[in-house]
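What follows is a short report on a single structure.
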Amino acid sequence: MKMLKISLGLVAFIAVCALFLPFVLPWDYATIDWDGVSLKIFSSEALQRGHYWGSDDIGRDRLARTLVGTHITMSVALAAASVAMVIGISWGVIAGWVGGRTDDVMMRIVDALYALPFMFIVIVLMVVFGRSIFLVFLGIGAVEWLTMARVVRGEVKAIKSRSFILAAKASGASSLSIILRHILPNIMGVAIAYLMLTVPQVVMVESFLSFLGLGVQEPLTSLGILVNEGAAQMEIDPAALLLPGGVLVILIIALTIAGERLRDRINAGQSLQGQDSLGDRGI
Amino acid sequence: MLGLITRRLLMAIPTLLAIIIISFLLMRFAPGGPFDGERPLSPQVRAALESAYGLDKSIAEQIILYIGRMLQGDFGPSLVYRDFTVNELIAQGLPISLLIGGLALVLASMIGISGGLWAATKAGQAADEVLMLIATLLTALPTFVTGPILVLTFAMVLGWFPVSGVEEGSVLWLVLPVIALSLPVAGAVMKLVRAGLATQLSQDHLRSARARGLPLMKRLFRHALRPALVPAASYLGPAAAGLLTGAVVIETIFGLPGLGRYFVQGALNRDYPLVLGVVTLYAGLIILFNLLADIIYGWLDPRMRDQ
Amino acid sequence: MTYQLEDMSVEIDGKRLVAGVSFHLKSGKILALAGASGSGKTLSCLTPFGLSSGKAMGSAMLDGKQLIGLDEVALSRIRARDIGFIFQQPLTALTPHMNIAAHLKEAYAQKGQTPDHKQMIVALERVGLSHPTDKLRQYPHQLSGGERQRICIAMGIAHTPKLLVADEPTSALDAGLRHDIMDMLVQICREDNMAMLLVSHDLASIDRYADDVILLQDGHIEEAAPAQQLMQKPQSDYGKRLIAAAPQIDEALYALPDVGDSLLAAKNVSVCFARPFQIWRKKDQPRFIQAVRNVSIDIACGETLAIVGGSGSGKSTLARAIAGLGPMNEGNIYWQDRILPKKRGRIERALMQPVFQDPMASLDPKWCVSDIIAEPQKWLSDSVKDCTYLLEEMELDAELADRLPHQLSGGQAQRVALARALSVNPQLLILDEATSALDPLAAYAIVEILSQLQRKYKLAIMMVTHDMALARRMAHHIGVMHQGELVEYGPRETMFTQPKHPITQSLIANSV
């Protein structure tokens with residue numbers, strides 16, 4: 001409970017900083033300060049020139065770059081996770097609801113896609129279609145929907161076996177209406193929890209691609225690129241690695257914890273609902 | 001059980017074929033080719049090169065030719081590393097990737113299973129909470145952050161291990177990459193084992209064992225652990241293959257000439273045979289590891305044998 | 001041996017769920033704890049031995065030794081040495097990856113013994129298992145529920161305990177097996193001069209097996225008496241109501257309303273299901289499972305028809321086929337001489353409405369009561385019936401309209417489901433075990449409401465049940481199903497005096 005709030009608060013704080021802090025900073029992320037190259041964090045010269053976190057080896061403001069990197073990483077993650085959610089929910093609902101042979105075939109496809117070396121597929125996609133930010137999230141989203149589809153399909157099957165679905169059929173409700181009014185409201189909780197868990201996964205993949213040089217392009221940046229640049233000069237200035245790395249790690253951890261707590265809470269709530277009046281064992 | 005394995009193997013054939021064909025088409029329809037170097041080649045040279053590598057035939061013919069050769073164990077010549085065949089490159093890179101990935105897999109399982117067990121014995125206490133928080137942290141730390149931090153701390157500042165590269169006749173160079181690679185998997189296994197044990201401990205058969213007066217340790221090891229490992233096993237199947245895949249970053253950070261680096265270089269330079277070879281190899285490995293996981297299920301839970 | 005509870009109470013998270021339970025049990029005696037679900041019978045039975053999440057207070061003396069306040073180590077030693085346990089769920093009570101021999105060895109190890117092969121064979125034969133040598137090598141999932149419960153019993157008595165605690169030992173089993181297993185269990189108890197603490201909700205079986213009964217309600221004792229006295233002359237108000245609520249197979253026949261003209265007729269209905277797809281199908285396995293085979297029934301206006309049968313007899317599948325909610329491969333359903341189409345439209349759906357077994361599962365957990373009740377009207381009727389009126393008809397408070405299903409009790413939830421079914425004025429109600437998941441009193445209330453509604457609206461009812469006594473109380477006609485076939489059909493008067501088919505005879509014998 002407390003952890004959930006703290007984590008969500010942290011994510012919100014980072015998001016607000018990434019969105020609004022750049023407007024009040026003296027430097028933007030692309031401008032080169034020829035007189036302030038490779039300034040260390042909090043050094044007197046850096047503070048004097050307005051580079052609060054120092055500057056990189058060609059004189060760009062590190063704080064501004066970290067913020068824009070965070071912004072890009074988070075936007076890509078959110079967009080990709082949404083793509084994953086839409087595909088995953090549709091796929092899972094159709095497979096679970098229709099059932100039978102259709103379900104078999106659809107889930108076999110998911111199994112087969114799981115067997116793909118997906119990181120390689122993403123890399124190949126990036127190489128093939130060029131490095132556009134749109135493709136980055138489309139590609140990641142197209143890969144990350146598999147787990148969502150499995151989870152949603154399992155939920156739909158479980159709900160479908162409960163007799164309120166039969167009662168709705170006996171009430172004359174159409175399949176579409178049953179899906180929209182009975183199934184979707186009952187899987188939404190689980191779907192949102194898994195969306196929360198997908199976001200850090202996507203952050204990780206995006207940063208990974210950027211780290212390999214396949215993500216967004218200069219002068220735009222992302223946390224993965226900054227970590228990569230930082231790793232190259234960590235001997236001279238560890239802050240170059242630790243600052244963007246730290247933001248990235250905090251972001252991923254907070255999102256993961258929030259997602260896990262949310263999922264556990266929903267699962268606990270559901271098992272309470274699932275207790276039937278037959279079972280005397282609990283008491 | 002036998003039926004399941006046969007079914008999996010039968011499934012593997014179309015899956016592998018689909019992967020090869022999709023990757024092949026993707027590579028071919030991509031703009032740019034392997035011979036687009038700094039300066040344009042003359043049309044004659046280009047045509048000669050393309051015919052030498054069989055690129056002038058129709059796509060369908062190329063695919064069939066490729067699969068035919070692949071079935072004989074020949075992945076063809078590399079287009080970028082001109083003097084090498086793909087088989088030679090794989091033979092160079094694979095042992096290093098397998099060594100690091102295999103060691104990381106063993107380390108991750110050991111840390112994960114013992115951590116999960118330890119947390120389960122302390123269920124509900126502070127130690128349990130702390131261990132689970134550590135597990136979350138481990139899964140959330142990307143290797144490309146932990147890798148450089150490990151290098152910075154233990155190689156550059158403390159100087160205990162080499163910064164990068166392979167050192168003949170020593171095992172020290174292995175330590176940091178294996179640790180960096182294993183940490184996220186260890187965290188995930190720890191969580192799965194802990195959750196599996198929690199599920200098992202609330203089951204009826206554990207209550208029966210408790211009713212028989214069995215102490216906690218015996219209940220954990222004899223009655224709970226084996227079925228509790230099923231989720232971890234199903235995770236470790238793909239993860240085992242993923243450890244080799246994830247090694248791309250580790251190999252880059254630690255400057256190791258593994259398969260992952262050849263792959264990235266190959267992809268960036270449109271080296272079709274190299275990329276296809278590596279993709280096929282990894283897909284095969286994933287299928288193999290999933291199969292192993294299935295066999296392990298059968299040992300962990302005899303109910304699976306009869307399905 | 002003596003086991004004595006004195007003013008024992010149980011708390012979970014500071015909530016007192018059992019208060020002031022006292023009883024006395026001696027070697028060779030069987031004491032039953034009876035009561036509805038939630039009455040605290042399992043808690044009062046298991047908590048003193050440290051096997052529930054509750055905290056026990058008061059006194060629980062085993063052979064003069066105080067159990068309450070002992071730590072887990074001491075309690076587990078006592079459990080291992082002196083007490084045997086048998087639980088409700090035989091299907092999950094055994095560890096899946098250990099074979100039967102390993103289970104038995106562990107049970108003997110409680111007393112430090114290592115049984116040899118012969119000893120284990122004898123133990124399995126004693127609990128009535130055939131082919132014991134093969135059984136020792138098998139894993140739990142390869143045995144049936146009844147066999148597994150016999151294994152659990154063999155394990156429970158392996159260390160010759162002084163006290164056997166049996167928590168609903170047969171309620172998860174098929175009706176046909178219950179008597180066999182209880183007979184065997186009681187015989188072993190008497191032979192070994194063990195005391196048995198039996199937890200059960202089934203008053204009929206208590207009457208047959210127990211010496212004394214403690215009747216619990218809401219965590220306190222309502223009545224403590226010798227078993228036969230409680231059944232014949234209950235003293236407490238609760239005891240009287242409970243015994244009146246449970247249908248007996250030999251009670252006086254209730255008067256039923258008159259029957260009108262024929263309403264619905266099912267002719268030669270067959271249903272089969274495809275087996276799950278397999279690449280290598282065994283030769284003798286048919287491709288389809290025949291769930292219902294060539295069944296014909298008819299129901300008249302104001303009539304109640306009961307379809308009785310064991311689990312897997314196809315009775316629910318038949319009901320679903322008739323309701324248009326499940327598959328039907330052959331046959332026709334006639335509604336007053338008109339064939340109902342396979343795909344039911346608005347008008348046909350409004351003619352008949354179902355009510356299902358588990359009331360909680362039949363209400364969407366995200367919808368409030370008034371929306372649930374209004375759902376059929378939205379699709380099937382032009383006029384809108386008042387939710388308050390429907391709730392009142394079910395003897396429910398109008399305040400419930402805004403509640404969510406999880407805020408209702410089982411009985412309330414089932415009445416909401418009934419209100420939903422009746423909101424479109426159907427002429428036929430199809431009840432699929434509609435009372436079997438409920439407490440006896442809640443079930444009785446539903447039965448009462450149904451018979452009032454039947455008189456008021458000339459409602460026809462088709463009820464599916466496993467309970468012969470309930471069928472006898474409610475139905476004009478009874479059909480008995482077995483393996484998908486209707487093996488016997490007739491009026492309730494003759495069904496019980498002259499049952500023809502062996503299945504009917506065994507169903508009646510098992511309900512005594």
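Below, all heavy atoms of this structure are taken into account, side chains as well, without hydrogens, waters or symmetry copies. Order of the sequence lines fixes the chain letters, A, B, ..., with proteins taken first and strands second; residue numbering starts at 1 for each chain.
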Between R212(B) (side chain) and A109(C) (backbone), is there a donor-acceptor pair under 3.5 Å? no

Closest non-hydrogen contact found for L46(C) with R207(B) is CD1-NH1, 4.1 Å

Ignoring hydrogens and geometry beyond distance, is a side-chain donor-acceptor pair present between H205(B) and Q89(C) at under 3.5 Å? no

Around atom NZ of K111(C), are there more than 12 heavy atoms from other residues, nucleotides or ligands closer than 6.0 Å? yes

Heavy-atom cut-off 4.5 Å, strictly under: side chain, backbone, both or neither for L94(C) against chain B? backbone

So does R222(B) get a backbone contact from the side chain of H97(C), meaning a donor-acceptor N/O pair under 3.5 Å? yes

Would you say NZ of K135(C) has more than 12 non-hydrogen atoms from neighbouring residues, nucleotides or ligands within 6.0 angstrom? yes

Strictly less than 4.5 Å between heavy atoms, which residues of residues 76-83 of chain C line up against chain B? Please order them by number. S76(C), R79(C), A80(C)

Please look at L216(B) and chain C and tell me whether the side chain, the backbone, both or neither of the residue comes under 4.5 angstrom of a heavy atom of that chain. neither

Is the backbone N or O of D204(B) less than 3.5 Å from a side-chain atom of T92(C), with the two atoms forming a donor-acceptor pair by type? no

Atom CG of D71(C): over 12 foreign heavy atoms under 6.0 Å: yes

Rounded to the nearest 0.5 Å, what's the gap from NZ on K218(B) to CD on E106(C)? Could you check? 8.0 Å

Run the side chain to side chain contact (heavy atoms under 4.5 Å, CB included) check on F85(C) and S208(B) step by step: do they pass? CA-CA 8 Å; F85(C) 291 90; S208(B) 308; over 6 Å; no

